[in-house]
Asker: 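The following block contains the structure, expressed as structure tokens.
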2 protein chains.
Amino acid sequence: MSIKPTDSELEILNILWTKGPSTVRDIHDVLEKSKEAGYTTTLKLMQIMLDKGLLKRDASNKSHVYTANISQEKTQGQLVQRMIDNVFNGSASQLVMQALGNYKPSTDELNEIKKYLDEMEGTDAKKKAPKSK
Amino acid sequence: MSIKPTDSELEILNILWTKGPSTVRDIHDVLEKSKEAGYTTTLKLMQIMLDKGLLKRDASNKSHVYTANISQEKTQGQLVQRMIDNVFNGSASQLVMQALGNYKPSTDELNEIKKYLDEMEGTDAKKKAPKSK
DNA sequence: GTTTGTGTACGAAATAATTCGTAGAATGAA
DNA sequence: TTCATTCTACGAATTATTTCGTACACAAAC
């Protein structure tokens, strides 16, 4: 059971994750700022995403209100997983180092990551990272 | 100037990066082990990849020999970059932590990453990681 | 020679993603 | 009510990806 949103779908999901429940108009207004997009194109996309189960909606008003139906964290996890498998031959640390070498995070970010690593080391092969529900 | 191989194309690239120059037959034999695939399907894919500039080939023999025309490291870098932008709203450290939380690398891998981080910290805004040519 | 095997080229079907036009329902002015 | 606006639904064109059949070239084996 694995989802695979397209790039366009991801754009919409990102907006929904950030802004919360939104109408097609809301989403479209955001998209328009960064790209050409027809209103009905956005509408159709979101209808298809509804079909696929990526979104859910409240249709009790004239303007339907859409919400993401998959969590940001879970989606990120699955996409990262896929990238590790398909692009890094299964090596998470390879991905991590590529991300770091490529990106050069700030010292603050570095420290955050190191802290995270230290915590992991302590717990060794115990369980997964803590997650706030 | 940014490439975007599809999943199928990435499978082929991975094989080429691992095994070096190969014929369609070579690639197809590897693919067949993990999935259904017709020979001419693989052939066509590789021809299209040639068109796109993802591969190059030596056609001097009856069996043409293909090679990846884009480097593994550069491709990984671009894909990671894209994921950071599209999925993690620009935060590399978010990606890193998702990768780690999700995957639970071995202690060895953890140490490798930490070492890498330490090196980065020392050199602060210098340049990219050393690469053996 | 002819047959068999292995290869490339290429057209085209099948599927998926994206885009948009048009129709018609609902709402709110004028 | 009539007009303009705003919305959904939906059909359909466009483009990209994946798949495969068929044709034909070439070489080795018979």
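First the proteins, then the strands, lettered A, B, ... as listed; each starts at 1.
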Asker: Would you tabulate the nitrogen or oxygen pairs shorter than 3.5 Å linking the protein to nucleotides 11-15 of chain C?
Answerer:
residue: C:dG11; atom: O6; partner: B:Lys44; partner atom: NZ; Å: 3.3

Asker: Can you see which heavy atom on A:Ser63 is nearest to which on A:Thr23, and at what distance?
Answerer: CB-CG2, 4.1 Å

Asker: Taking ring pair (Phe, Tyr, Trp, His ring centres under 6.0 Å) as the definition, give me every residue that meets it alongside A:His64, ordered by chain and number, with sequence neighbours left out.
Answerer: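 Result, ring pair (Phe, Tyr, Trp, His ring centres under 6.0 Å) vs A:His64: none returned.
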
Asker: Check DNA chain C against residues 15-33 of chain A and give the residues with a non-hydrogen atom under 4.0 Å, in numerical order.
Answerer: none

Asker: Only counting residues at least two apart or in another chain, list the ones meeting side-chain contact (heavy atoms from CB on, under 4.5 Å) with A:Gln76.
Answerer: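 Partners of A:Gln76 under the side-chain contact (heavy atoms from CB on, under 4.5 Å) test: A:Gln72, B:Val87, B:Phe88, B:Gln98.
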
Asker: Could you list the residues that satisfy side-chain contact (heavy atoms from CB on, under 4.5 Å) with A:Asn69, not counting sequence neighbours?
Answerer: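 Partners of A:Asn69 by the side-chain contact (heavy atoms from CB on, under 4.5 Å) criterion, ordered by chain and then number, come out as A:Lys56.
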
Asker: Can you measure A:Glu11 atom CD to C:dT18 atom C1' for me and round it to whole angstrom units?
Answerer: 12 Å

Asker: Given the rule in the side-chain contact (heavy atoms from CB on, under 4.5 Å) test, do B:Glu32 and B:Asp29 qualify, once you have shown the distances and angles that lead to the verdict?
Answerer: CA-CA 5 Å; B:Glu32 243 185 350; B:Asp29 286 349; 4.3 Å; yes

Asker: How far apart are the C-alpha atoms of A:Met46 and A:Arg57, what are their side-chain angles, what is the distance that settles it, and do they pass the side-chain contact (heavy atoms from CB on, under 4.5 Å) test?
Answerer: CA-CA 10 Å; A:Met46 291 176 72; A:Arg57 78 175 170 191; over 6 Å; no

Asker: Apply salt bridge (Lys or Arg N to Asp or Glu O under 4.0 Å) to A:Asp7 and list each qualifying residue two or more places apart in sequence or on a separate chain.
Answerer: B:Lys4

Asker: Does any residue of residues 35-43 of chain B have a heavy atom under 4.0 Å from DNA chain D, and if so, which ones, in number order?
Answerer: B:Gly38, B:Thr40, B:Thr41

Asker: Does anything in residues 46-56 of chain A come within less than 4.0 Å of DNA chain C? Heavy atoms only, and list the residues if so.
Answerer: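 The answer is A:Ile48, A:Lys52.
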
Asker: Just the table, please: protein N/O against nucleotides 25-30 of chain C N/O, every pair under 3.5 Å.
Answerer:
none

Asker: Answer yes if B:Ile48 and B:Tyr66 sit in the same cluster of Ile, Leu, Val, Met, Phe, Trp and Tyr residues linked by side chain heavy atoms under 4.5 Å apart, and no otherwise.
Answerer: no

Asker: Check step by step if side-chain contact (heavy atoms from CB on, under 4.5 Å) holds for B:Leu13 and B:Ile70.
Answerer: CA-CA 9 Å; B:Leu13 284 171; B:Ile70 56 177; 3.9 Å; yes

Asker: Sequence neighbours left out, what passes salt bridge (Lys or Arg N to Asp or Glu O under 4.0 Å) with B:Lys115? Give chain and number order.
Answerer: none

Asker: Would you grab the first and last nucleotide of DNA chain D (5' to 3') that comes under 4.0 Å of any non-hydrogen atom in chain A?
Answerer: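 The protein-touched segment is D:dT6 to D:dA12.
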
Asker: Between atom CG in B:Leu45 and atom P in C:dA9, what is the gap in whole Å?
Answerer: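 Rounded to the whole Å, the gap is 15 Å.
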
Asker: Would you sort out whether A:Ser22 and A:Leu16 count as a side-chain contact (heavy atoms from CB on, under 4.5 Å), showing the intermediate values?
Answerer: CA-CA 7 Å; A:Ser22 310; A:Leu16 284 170; 3.8 Å; yes

Asker: Under 3.5 Å, is there a donor on one side chain and an acceptor on the other for B:Gln81 and B:Asp85?
Answerer: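 There is such a pair (donor and acceptor under 3.5 Å, judged by atom type) between the side chains of B:Gln81 and B:Asp85.
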
Asker: Determine which pairs satisfy ring pair (Phe, Tyr, Trp, His ring centres under 6.0 Å) with at least one residue from residues 16-45 of chain B, sequence neighbours left out, and list them in order.
Answerer: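 Every pair satisfying ring pair (Phe, Tyr, Trp, His ring centres under 6.0 Å) with a residue in residues 16-45 of chain B: B:His28-B:Tyr39.
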
